[in-house]
Amino acid sequence: MINSPNQAEAVQGEISMKEAAIGFIGMGLMGVPMSLRLHQAGFDVKVWNRNPEKTMPLVDKGVQVCEHLRQLTGECEILMLCVSDTAAVEAVVFGEGGIATYARPGQVLVDFSSIDPAATRSMATRLENERGVKWIDAPVSGGVAGAEQGSLAIMAGGEEALIDQLRPVLAPLSQRVTRMGPTGAGQVTKICNQMIVSCNVLVMAEVMALAEKAGVDAGAIPGALKGGFADSVPLQLTGPRMAARDFDPVKWHVRTLLKDLDMANALGKSMQSAIPMAGLGAELMRLHAARGHADHDPCTLISMYEEKS
């Protein structure tokens, strides 16, 4: 535990050291495998989740679970978040009994969540001004498989020197960490990523349904297109599941893609940048979510094109 400003500065300067304790908040589809990989890499990892039941898979692996954010914030130098949206990040950081209540100078917050860039910049400035804590926005791409395999792509925003110090800590999680610019740049990049991913999975649903109606084995399409210009990781992972109507287990959520597309449209509007594909994609995703699929896997998008009796 840090007991003086000089110790705080020393921790920040040596943040890649194995001795730096990591506090991981958010035990969702991504948070569980990410925190487990850090634990397995030898880091001192402590976790917290609003719903304690979601921490049970980590308890079985020997990861320490904190009952309160006060404990986690008090015992860790690096604070990591991976929660659902902007409101959840704000609640965890600035809500009653949140991180900002107990944070101290020299700590670093790394936010893996996909949230609003402007809100990120505002919260980062506030946390540093009020508590002396640096903020790195580091949203990830690669899904649950990437989190389990440690092959996530991390797009980071924040101070370059601090991101470089964090690279050894992030190494068990990622195949690549790219600094995209100052605070908020990582979130802008993630929005761009999600525009491509979401429109890709939407057109995949159209393709699979069209192929089936034309008498083609849709399940063979991912293999046939592998290595070509139409190939993608989502096609190889989600395409076969669409064709087989294999909707469980849920690997990602329709509501997550909808949230990201809505952020894309808000960003496009604020930048006066036309993004018609993302606009249409958001409305198609919203329609699918409204039909009861918000918490389902996006491979269920093919159901929009099925014949109804």
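Being a predicted model, the structure only gives us computed values, none of them experimental.
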Going by salt bridge (charged side-chain N to carboxylate O under 4.0 Å, His left out), name the pairs with one or both residues in [range], residues two or more places apart or in two chains.
range: residues 176-205; answer: none
range: residues 275-289; answer: Asp262-Arg286, Glu283-Arg286
range: residues 58-74; answer: none

Close side-chain approach of [X] to [Y], heavy-atom, < 4.5 Å:
X: Val59; Y: Gln64; answer: no
X: Trp48; Y: Arg50; answer: yes
X: Ile78; Y: Leu166; answer: yes
X: Pro105; Y: Arg131; answer: no

Applying side-chain hydrogen bond (donor to acceptor under 3.5 Å, both in side chains), name anything that partners [X], two or more places apart in sequence or on another chain.
X: Asp260; value: Gln194
X: Glu212; value: Arg245
X: Glu130; value: Arg126

From [X] atom [atom1] to [Y] atom [atom2], the distance as rounded to the nearest 0.5 Å:
X: Phe112; Y: Ser35; atom1: CZ; atom2: OG; result: 10.0 Å
X: Leu38; Y: Ile22; atom1: CG; atom2: CD1; result: 4.5 Å
X: Arg291; Y: Thr300; atom1: CZ; atom2: OG1; result: 11.5 Å

Below 3.5 Å, can you tabulate the donor-acceptor pairs from side chains in residues 226-237 to any protein atom, sequence neighbours excluded?
{"residue": "Asp231", "atom": "OD1", "partner": "Gln236", "partner atom": "NE2", "Å": "2.8"}
{"residue": "Asp231", "atom": "OD2", "partner": "Gly227", "partner atom": "N", "Å": "3.0"}
{"residue": "Ser232", "atom": "OG", "partner": "Asn200", "partner atom": "ND2", "Å": "3.0"}
{"residue": "Ser232", "atom": "OG", "partner": "Leu235", "partner atom": "N", "Å": "3.1"}
{"residue": "Gln236", "atom": "NE2", "partner": "Pro222", "partner atom": "O", "Å": "2.8"}

Under 3.5 Å, which donor-acceptor pairs do the side chains of residues 135-145 form with other protein atoms, sequence neighbours left out?
{"residue": "Asp137", "atom": "OD1", "partner": "Gly184", "partner atom": "N", "Å": "3.0"}
{"residue": "Asp137", "atom": "OD2", "partner": "Gly184", "partner atom": "N", "Å": "3.3"}
{"residue": "Asp137", "atom": "OD2", "partner": "Gly186", "partner atom": "N", "Å": "2.9"}
{"residue": "Asp137", "atom": "OD2", "partner": "Gln187", "partner atom": "N", "Å": "3.0"}
{"residue": "Ser141", "atom": "OG", "partner": "Asn193", "partner atom": "OD1", "Å": "3.3"}
{"residue": "Ser141", "atom": "OG", "partner": "Asn193", "partner atom": "ND2", "Å": "3.3"}

With a 3.5 Å cut-off and sequence neighbours excluded, list the donor-acceptor pairs that the side chains of residues 246-255 form with protein atoms.
{"residue": "Trp252", "atom": "NE1", "partner": "Asp297", "partner atom": "OD1", "Å": "3.4"}
{"residue": "Arg255", "atom": "NE", "partner": "Asp295", "partner atom": "OD1", "Å": "2.5"}

**Item:** Residues which pass side-chain contact (heavy atoms from CB on, under 4.5 Å) with Lys54, listed by chain and number, not counting sequence neighbours
**Value:**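 With neighbours one apart ignored, the set is Met27, Asn49, Asn51.
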**Residues forming a side-chain contact (heavy atoms from CB on, under 4.5 Å) with Cys66, sequence neighbours excluded** =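 If we apply the side-chain contact (heavy atoms from CB on, under 4.5 Å) test to Cys66, skipping adjacent residues, the hits are Lys46, Gln71, Leu72.
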**Pairwise ring pair (Phe, Tyr, Trp, His ring centres under 6.0 Å) hits with a residue in residues 260-303, at least two apart** =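 Counting only pairs at least two positions apart or across chains, the ring pair (Phe, Tyr, Trp, His ring centres under 6.0 Å) contacts touching residues 260-303 are His288-His293, His293-His296.
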